[in-house]
Amino acid sequence: AQSAASGHSPAADWAGVPWVGEPALGVRIEPGVLVHVVMRLCTSVGDPAPAAVITALQPYLTVVRHAIAAHPEHAMLLGAGSALARRLGETAIAVEWASRGARSRPSKLAEIWLGYAYRSAGRLPEALAALRRAVAHDPDDLSVYADIAGTLRSEERRVGKECRSR
């Protein structure tokens, strides 16, 4: 119920209750259910999340940390956790979790999550390499090519801003 409420009003502190931060919660929640909850939250906030939302969503990141500690090789949990961490500005954690997920169970989605994590961390060569590996998993998925183009476009804009500011 809290995650559904957070999805509708992400800036409200729906999860800011003491028991949400307890390590036992991450152990008790079935990883697949948590993946669903986290992805629902991710679709309701921007990437990156607005500053007003970040504090309210931190308890969910805490639950994910505890769940990953209990299920360290659960690729979908690592990927979904990476997506949430990325939105909350925790790019180092996002890269770590996405890398572990891609190693644990290589797949198109794992490489996409890793590419996005690298991109958010400003690591363009690694981002493009991960997205190219995603293409290798499914060469017919045109959305991955669009992700590569979007990554290159955002880097072009960033470099253009740097050049104009000099």
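Keep in mind that what you see is a predicted model, and the values were worked out from it rather than measured.
- Between Arg158 and Glu162 there is a salt bridge, since at least one side-chain N of the basic residue sits less than 4.0 Å from a carboxylate O of the acidic one.
- When side chains are defined from C-beta on, Tyr118 counts as touching Ser99, because their heavy atoms get closer than 4.5 Å.
- You'll find the side chain of Glu111 stays beyond 4.5 Å of the side chain of Leu131, heavy atoms only.
- Transitive grouping of hydrophobic side chains (ILVMFWY, heavy atoms separated by less than 4.5 Å) keeps Leu114 and Leu128 in distinct clusters.
- By the 4.5 Å heavy-atom criterion applied to side chains, Leu124 and Arg119 are not counted as neighbours.
- Residues passing the side chain to side chain contact (heavy atoms under 4.5 Å, CB included) test with Ile54, sequence neighbours excluded: Ala49, Gln58, Leu88.
- Inspection of the Asp47 and Tyr116 side chains reveals no N or O donor paired with an N or O acceptor under 3.5 Å.
- Under the 4.5 Å side-chain criterion, counting only non-hydrogen atoms from C-beta, Glu155 is not in contact with Thr151.
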Show me the donor-acceptor pairs within less than 3.5 Å that the side chains of residues 68-85 make with the rest of the protein, sequence neighbours left out.
{"from": "His74", "atom 1": "ND1", "to": "Leu77", "atom 2": "N", "distance (Å)": "3.1"}
{"from": "Ser82", "atom 1": "OG", "to": "Ala94", "atom 2": "O", "distance (Å)": "2.8"}

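- Linking ILVMFWY residues whenever their side-chain heavy atoms come closer than 4.5 Å, directly or via other members, leaves Val27 and Val64 in distinct clusters.
- Here the side chains of Arg65 and Ile93 are in contact, with some heavy-atom distance below 4.5 Å.
- Residues Thr91 and Ser120 approach most closely at CG2-O, 3.6 Å, considering heavy atoms.
- Residues Gly46 and Pro50 come closest through the heavy atom pair N-CD, 4.2 Å.
- When all heavy atoms of Thr55 and Pro59 are compared, the pair lying nearest together is O-CD, 3.6 Å.
- Using a 4.5 Å cut-off on side-chain heavy atoms (C-beta onward), Tyr60 and Leu41 make contact.
- Contact between Lys108 and His137 at its shortest, heavy atoms only, is N-CG, 3.6 Å.
- You'll find the side chain of Leu34 stays beyond 4.5 Å of the side chain of Glu30, heavy atoms only.
- Both Val38 and Leu25 are part of a single hydrophobic cluster, where members link through side-chain heavy atoms under 4.5 Å apart.
- Residues Ile148 and Leu152 form a side-chain contact, since some pair of their non-hydrogen atoms from C-beta on lies under 4.5 Å apart.
- Taking each heavy atom of Trp113 and Arg86 in turn, the nearest pair found is O-NH1, 4.4 Å.
- Trp97 and Val35 end up in the same hydrophobic cluster when Ile, Leu, Val, Met, Phe, Trp and Tyr side chains are linked at under 4.5 Å.
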